[in-house]
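Sequential numbering from 1 along the given sequence is applied to the chain's residues.
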Amino acid sequence: MADTALSVTSTLTRGANGGLPERLVQAGLMDEATVMEAIQGARDAHQNLVTYLVGRNLVDPRELATTAATLFGTPVMDLDAMVIDLEVVRLVPEKVLAKNRTLPLARRGRRLFVAISDPTNLHGLDEIRFSTAMQVEPIVVEDDKLQRALARVLEQFDTSMRSLGEGDLDLEKLDTSSGDEIDAETVSRDDVEDAPIVRFVNKVMLDAIRRGASDIHFEPYEKTYRVRLRVDGVLKELTQPPVQLAPKISARIKVMARLDIAERRVPQDGRIKMRLSKTRSIDFRVSSCPTIFGEKVVMRILDPSSAQLGIDALGYEPFQKDLYLANLKKPQGMILVTGPTGSGKTVSLYTGLNILNVEDTNISTAEDPAEIILPGVNQVNVNPKVGLTFAAALRAFLRQDPDVVMVGEIRDLETAEIALKAAQTGHLVLSTLHTNDAPQTLTRLIDMGVKPYAIATSVSLIIAQRLARRLCPHCKQALDIPADALLREGFTQQDVESGLKIFAPVGCSQCTDGYKGRVGIYQVMPVTETIGRIIMEGGNAISIADEARREGVWDLRTAGLNKVRNGLTSLDEVNSVTIE
């Protein structure tokens, strides 16, 4: 019997729990058989022993914490008596906290005091030490109280982030003690994780989301440093922080985007994900570029919910929407979306992909980079440095039984030829080009070296688009414009005689300079047999445009004037994005 007891005690001592089970037996808190069953049960449940014991009421949490603290020589505290500082908690990534069941309590210089219920969890402490580059001091607390506190803190993350979006930017509290220039090697984690800088960057990002901005520009100059937001396509200055903060702000953003803060001589690209709530997150595409006076950083805001808006919210005219949907239903062919940068091409493509994204359809995309994450779609980021080009990704897709293929952009002849062949061989292909309108897209492909017959037999639909600012419905006002001026702008005599009303922006508390949001202006041109014949006969963009007009296709100017006719935007706005 003594031999059996010795064997059990030896097993307890050798376990991964560092002698805690044996100490529980010695203290009379549990018997050996119960402890052995608990060890096996914790293994089967993939839990640590402390959580297993407390969760099944096998031992009192307070006595367990005291025993563990005594065994490992660590302090023990009552977590309910402490005030949790969220700024200290944020020093450790949220995933690390939840995964390792740890909670930072206080910081003293380079030392971080961390609450933990299982002091044998050395891996968790090492992970915190690695992520913070600080000395970690464990404090034993009761497991049930740690669970409750951790749950409260993770909930408060969302609330505290949203609260940063309220009120004005408090730049007076920002640290301006650094010099004009900081060597990358001297940018310590203390500098990067400086709480005021962290709050400032988070505040700017949340302000941008709240205002519906598409981009954030952090711009250093010789004597000033400004932050601008692009709202509804127009850049607006947000604030001018002290120029001494430029290195710290750029370093903070680069750390968030996992860029190399030691490299400031060449441009870099990265990505940030900000979780606003349990159900909504926003992606930021980050680009840094060295300028004369420091690094300019631009953050493109990518809202995955924009792909869920639905085609009706984009601004297509009813007959244009029907054409788009009809071509999306085709088993093969190519749909091209064209327009300048920032014209909404990505949203149009993703809206189409979202419609096609059903269980029985295999969709693969090659992008540079993937801007919106769509569950159910196989998305690939191209990387020319390692040979993963658009063409290489396309070749791989065609060997993986695709139904729908999306190419972020057709940039060269090789990509164009592979995409067109895919469209000819039973696949639906979606892609973009940078041209001014739909007819020019066809001639652009010919200029790239694509054979005219391949274009005529593969391309089924071309969508050219622009984005115009939408008039605020609360403050827009009608203008009195002479009839001859309306006719010169492109309106018809029938429009003038019917009492056409044109509205102009005014500006109120609910909008920006009289505009709120944007609306799409589209030219949707199907490649019919007649247009295909013109292509094969070597026709130019003008002859294609003339035939499209005869077939009832609206050009961008006509579509824009219709938005003015319906009171959605102003004539000045249409004039700024379309050609008369």
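Side-chain N or O atoms of S343 include one that pairs as donor or acceptor with a backbone N or O of P340 at under 3.5 Å.
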Worksheet item: Is there a side-chain contact (heavy atoms from CB on, under 4.5 Å) between T239 and F200 once you walk through the steps?
Response: CA-CA 11 Å; T239 185; F200 173 76; 4.2 Å; yes
Worksheet item: Between R271 and D283, does a side-chain contact (heavy atoms from CB on, under 4.5 Å) hold up when you go through it step by step?
Response: CA-CA 7 Å; R271 199 180 189 97; D283 288 338; 3.4 Å; yes
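Judged by distance alone, the side chains of D403 and T361 never bring a donor and an acceptor atom under 3.5 Å apart. For the residue pair T415 and D412, a side-chain donor N or O sits within less than 3.5 Å of a side-chain acceptor on the partner.
Contact between S250 and E295 at its shortest, heavy atoms only, is OG-OE1, 4.0 Å.
Between V347 and L314, the closest side-chain pair of non-hydrogen atoms falls below 4.5 Å. At a threshold of 4.5 Å between non-hydrogen side-chain atoms, the residues V519 and L467 do not count as touching.
Heavy-atom neighbours of R258 CZ from other residues, nucleotides or ligands within 6.0 Å: at or below the threshold of 12. Within a 6.0 Å radius of CZ in R444, no more than 12 heavy atoms belonging to other residues, nucleotides or ligands are found.
Interatomic distance, F130 CZ to L125 CG, rounded to the nearest 0.5 Å: 15.5 Å. Note that CD of E127 and CG of N121 are 9.0 Å apart. Values are rounded to the nearest 0.5 Å. Once rounded to the nearest 0.5 Å, the distance linking OG1 of T365 with CD of Q379 reads 4.5 Å. In this structure, OG1 in T346 is found 8.5 Å from CG in L302, a value given to the nearest 0.5 Å.
Here R148 does not pair with D143 in a salt bridge; the nearest charged N to carboxylate O distance is not below 4.0 Å.
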